[in-house]
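Scroll down for the structure; my scribbles are underneath it.
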Amino acid sequence: CVFTYMPNEDSDKLIFWAASAPFPECWFVTYEQVRPYDAFGRTMRDNLKARGSDLLGIEGYPSVEAQQQRYVKLGFKSVGVRTMLDVYWDNLAAEERARVEAMEEFDEHEEWLEKCSHYILAVSCSKAGATLPFAPATERNETAFPACEVEWKESAVKALGRSVELKRWGHSACVTSDDRVVIFGGY
């Protein structure tokens with residue numbers, strides 16, 4: 001989550017630069033807040049503002065649709081924007097959902113689902129017709145995004161040596177087949 005903390009004119013310039021840079025193919029992935037106007041969204045904004053972290057850009061792109069249009073308008077040819085709730089239901093295996101639901105990070109499972117509906121994952125590519133990894137499961141190409149096996153957490157913990165810090169901040173991680181560590185999530 002970075003762009004919602006920036007003025008839109010600045011984050012739009014960065015997105016435009018990435019979409020129009022002379023790379024053969026540019027992938028851009030962001031994780032941001034949306035839906036600032038309902039009760040949960042107002043509480044989220046007020047909570048962050050009280051900590052000195054205003055969501056400066058959320059009003060300009062307050063929905064999944066607005067985020068989708070943003071990346072297209074700024075030059076990306078293939079764009080997919082999903083709430084984390086959609087990713088959770090459509091892209092996670094039932095076993096992984098059961099594992100997540102067994103965690104005690106949130107007092108109420110419904111609260112966690114509500115949080116997920118207020119965060120999006122935007123995946124954009126400068127190449128037209130690119131296969132996006134977070135399309136609905138019926139359309140998703142399983143090889144588009146490197147899958148992490150069930151042992152992902154243990155592998156990442158060994159690579160990072162910081163299991164407590166990852167879990168504390170709600171992050172997940174996996175080690176890809178080419179030995180890169182991908183860290184994602186958090187709140």
Side-chain angles (χ1 to χ4, degrees), residues 1-16 18 28-74 76 78-124 132-140 145 153 164-174 182-187:
C1 304
V2 173
F3 290 155
T4 53
Y5 295 98
M6 297 171 63
N8 288 323
E9 65 184 42
D10 294 334
S11 57
D12 283 354
K13 287 177 187 174
L14 181 59
I15 295 168
F16 177 77
F28 206 80
V29 180
T30 58
Y31 173 77
E32 303 293 342
Q33 298 98 327
V34 293
R35 298 181 57 209
Y37 305 119
D38 65 10
F40 187 97
R42 286 190 305 274
T43 301
M44 173 179 68
R45 289 174 65 187
D46 291 346
N47 219 350
L48 291 165
K49 186 175 185 168
R51 290 173 170 74
S53 295
D54 288 348
L55 298 178
L56 302 174
I58 197 167
E59 289 194 28
Y61 302 103
S63 67
V64 170
E65 296 78 18
Q67 289 282 350
Q68 177 89 23
Q69 293 167 0
R70 173 189 208 180
Y71 287 92
V72 171
K73 173 186 81 171
L74 294 171
F76 280 96
S78 300
V79 179
V81 180
R82 308 284 311 281
T83 67
M84 292 308 294
L85 186 60
D86 291 336
V87 171
Y88 177 77
W89 288 117
D90 296 340
N91 298 97
L92 287 184
E95 300 83 26
E96 180 64 6
R97 284 195 307 272
R99 186 189 71 77
V100 168
E101 290 168 11
M103 291 181 181
E104 296 184 31
E105 295 265 338
F106 289 87
D107 293 335
E108 297 290 332
H109 182 65
E110 292 78 17
E111 178 185 341
W112 184 78
L113 295 175
E114 183 72 17
K115 177 201 176 279
C116 287
S117 74
H118 284 78
Y119 283 78
I120 56 103
L121 185 65
V123 180
S124 305
L132 302 172
F134 294 104
T138 55
E139 299 174 19
R140 190 177 59 162
F145 193 78
K153 196 165 197 173
V164 174
E165 286 86 355
L166 282 176
K167 185 173 181 180
R168 176 177 173 210
W169 297 107
H171 288 80
S172 298
C174 76
V182 178
I183 301 173
F184 50 94
Y187 50 88

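Computed over heavy atoms, backbone and side chain alike; hydrogens, waters and symmetry mates excluded. Worth saying up front: this structure is predicted, and the values here are computed from it rather than measured.
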So CG of Asp12 and NZ of Lys73: to nearest 0.5 Å the spacing works out to 5.0 Å
Interatomic distance, OG1@Thr43 vs CG@Leu48, rounded to 0.5 Å, equals 11.0 Å
Of all heavy-atom pairs linking Ser117 and Thr83, the shortest is O-CG2, 3.9 Å
When rounded to the nearest 0.5 Å, the distance separating CG of Leu92 from CG of Asp86 is 11.5 Å
Heavy atoms of Pro62 and Ala66 approach each other most closely as CD-CB, 3.9 Å
In this structure, CG of Leu14 is separated from CZ of Phe28 (nearest 0.5 Å) by 4.5 Å
Side-chain donor/acceptor of Glu32 to backbone N/O of Val2, under 3.5 Å: yes
For Leu132 and Gly80 the tightest heavy-atom approach is CD1-N, 3.3 Å
dist Gln33:CD -> Tyr5:OH (nearest 0.5 Å) comes out at 4.5 Å
- Query: With a 4.5 Å heavy-atom cut-off, do Phe3 and Gln67 have their side chains touching?
  - Reply: no
Query - More than 12 heavy atoms from other groups under 6.0 Å of CZ on Phe16 - result: no
task = Output, in order, the C-alpha distance, side-chain angles, deciding distance and verdict of side-chain contact (heavy atoms from CB on, under 4.5 Å) for Phe76 and Arg70.
result = CA-CA 9 Å; Phe76 280 96; Arg70 173 189 208 180; over 6 Å; no
On a heavy-atom basis, the closest approach of Met44 and Val34 is CE-O, 3.8 Å
Nearest heavy-atom approach of Gln68 to Val81 is OE1-N, 3.4 Å
Which pairs of donor and acceptor atoms, one on a side chain in residues 49-57, lie under 3.5 Å apart (sequence neighbours left out)?
{"residue": "Arg51", "atom": "NH1", "partner": "Asn47", "partner atom": "O", "Å": "3.1"}
{"residue": "Arg51", "atom": "NH1", "partner": "Asn47", "partner atom": "OD1", "Å": "2.4"}

Quiz item: Do Ser11 and Tyr61 have side-chain N/O donor and acceptor atoms under 3.5 Å apart?
Solution: no
Nearest heavy-atom approach of Asn91 to Arg82 is OD1-NH1, 3.3 Å
Interatomic distance, NZ@Lys13 vs CG@Leu74, rounded to 0.5 Å, equals 12.0 Å
